[in-house]
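Computed from a prediction, not measured in an experiment: that's the story for all the values here. By convention here, the first residue in the shown sequence is residue 1. Side-chain atoms are counted along with the backbone in the values below, which use heavy atoms only and exclude waters and symmetry mates.
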Amino acid sequence: MKATIWHNPKCGTSRKTLAILEETPGLEVEVIEYLKTPPSVEKLAQLYKDAGITPQAGLRTRGTDAIERGLPDADAAEVLAAMAAEPILIERPLVETDKGVALCRPQEKVHEIL
């Protein structure tokens, strides 16, 4: 099985999630540092849809200006556009496998899609 993680190496939860993935036997892990290679609006929309959450639920408010900009109350298209333009607004880590997508906060949520 393959797993793709949208990863921020400065984030402890993201590092712990990556460690779980790397310790899973038979799992091929693709790491995308999303701050360097941000996902497109379309990819973000697909990830959140597959995770069963709204883009607003995937919005990082801590350490960002998302609240001041009114993004938690904005429509999905506006939130996705802001995330694609400024990937620091993406809550991490997102993990995608053949079994689904999860926003892995806490990191143990990754087990639901392994």
Side-chain angles (χ1 to χ4, degrees):
M1 183 165 62
K2 180 180 176 185
T4 302
I5 180 171
W6 279 265
H7 176 61
N8 180 345
K10 293 181 180 178
C11 171
T13 302
S14 195
R15 288 192 308 269
K16 290 173 187 172
T17 303
L18 178 57
I20 291 168
L21 294 172
E22 289 175 335
E23 293 166 2
T24 302
L27 191 63
E28 176 189 334
V29 181
E30 178 184 9
V31 178
I32 300 173
E33 288 190 34
Y34 68 90
L35 293 175
K36 294 179 182 177
T37 309
S40 67
V41 167
E42 296 78 17
K43 183 63 178 178
L44 282 168
Q46 175 254 307
L47 289 169
Y48 294 130
K49 179 180 180 220
D50 291 352
I53 63 174
T54 65
Q56 293 86 340
L59 180 65
R60 183 166 181 82
T61 56
R62 200 174 89 204
T64 73
D65 64 352
I67 292 173
E68 293 81 4
R69 292 169 57 182
L71 290 173
D73 299 317
D75 66 29
E78 185 177 347
V79 173
L80 291 168
M83 289 174 165
E86 298 176 58
I88 194 68
L89 294 169
I90 300 169
E91 186 63 274
R92 72 261 180 167
L94 281 163
V95 177
E96 181 177 34
T97 70
D98 296 339
K99 294 183 179 180
V101 176
L103 177 57
C104 298
R105 297 191 79 79
Q107 64 268 8
E108 290 83 10
K109 285 195 64 121
V110 75
H111 293 290
E112 296 172 8
I113 57 169
L114 293 178

Going by heavy atoms in the side chains, are Glu91 and Leu103 under 4.5 Å from each other? yes

Report yes or no: does Thr61 contribute a side-chain atom to a donor-acceptor pair with the main-chain N or O of Ile67 at less than 3.5 Å? no

Could you tell me if the side chain of Thr4 sits less than 4.5 Å from the side chain of Ile32, heavy atoms only? yes

For residues Thr17 and Gln107, is any side-chain donor paired with an opposing acceptor at under 3.5 Å? no

Tightest non-hydrogen contact, residues Ser14 and Ile5, listed as O-CD1, 4.0 Å

Starting from Leu94, can I reach Val29 by hopping between I/L/V/M/F/W/Y residues whose side chains sit under 4.5 Å apart? no

Before giving the answer on side chain to side chain contact (heavy atoms under 4.5 Å, CB included), spell out for Glu96 and Glu30 the whole-Å C-alpha distance, their side-chain angles and the decisive distance to 0.1 Å. CA-CA 10 Å; Glu96 181 177 34; Glu30 178 184 9; over 6 Å; no

Any heavy-atom pair between the side chains of Met83 and Leu59 that's under 4.5 Å? yes

Does the distance from a Lys or Arg side-chain N to an Asp or Glu carboxylate O, for Glu78 and Arg69, drop under 4.0 Å? no

Hey, does the side chain of Arg105 reach the backbone of Pro93 with a donor-acceptor pair shorter than 3.5 angstrom? no

First locate atom CG of Leu18, then atom SG of Cys11, and finally report the distance between them rounded to the nearest 0.5 Å. 11.0 Å

Is Lys99 reaching over with its side chain to a backbone N or O of Leu114, donor-acceptor style, under 3.5 angstrom? yes

Over all atoms of both residues, closest heavy-atom pair of Gln56 and Asp75: NE2-C, 3.6 Å

Between Lys10 and Glu33, does the salt bridge (Lys or Arg N to Asp or Glu O under 4.0 Å) criterion hold? Intermediate values first, please. CA-CA 10 Å; Lys10 293 181 180 178; Glu33 288 190 34; over 6 Å; no

Side chain of Thr24, backbone of Leu27: donor and acceptor closer than 3.5 Å? no

Asp65 side-chain N/O to Glu68 backbone N/O, donor-acceptor pair under 3.5 Å: no

Taking atom NZ of Lys109 as the centre, does the number of heavy atoms from other residues, nucleotides or ligands within less than 6.0 Å exceed 12? no

Linked, directly or transitively: Val110 and Leu47 (ILVMFWY side chains, under 4.5 Å): no

Taking all non-hydrogen atoms of both residues into account, name the closest pair between Leu35 and Pro87 and its distance. CD2-C, 3.8 Å

Backbone of Ala3 reached by a side-chain donor or acceptor of Glu28 within 3.5 Å: no

When every non-hydrogen atom of Pro38 is compared with those of Ala84, the smallest separation belongs to CB-O, 4.1 Å

Do Ile90 and Arg60 touch side chain to side chain, with heavy atoms closer than 4.5 Å? no

Would you say the side chains of Lys49 and Gln46 form a donor-acceptor pair under 3.5 Å? no

Nearest atoms (heavy-atom pairs only) where Gly58 meets Tyr48: O-OH, 3.3 Å

Hey, what do you get for OH (Tyr34) to CD1 (Ile88), rounding to the nearest 0.5 Å? 5.5 Å

Between Arg92 (side chain) and His7 (backbone), is there a donor-acceptor pair under 3.5 Å? no

Smallest separation among heavy atoms of Pro72 and Ala66, with atom names: CD-O, 3.3 Å

Using the rule that two of Ile, Leu, Val, Met, Phe, Trp, Tyr join whenever any of their side-chain heavy atoms come within less than 4.5 Å, decide whether Val95 and Leu44 are in one cluster. no

Mind checking whether Val101 and Ile113 have side chains closer than 4.5 Å, heavy atoms only? no

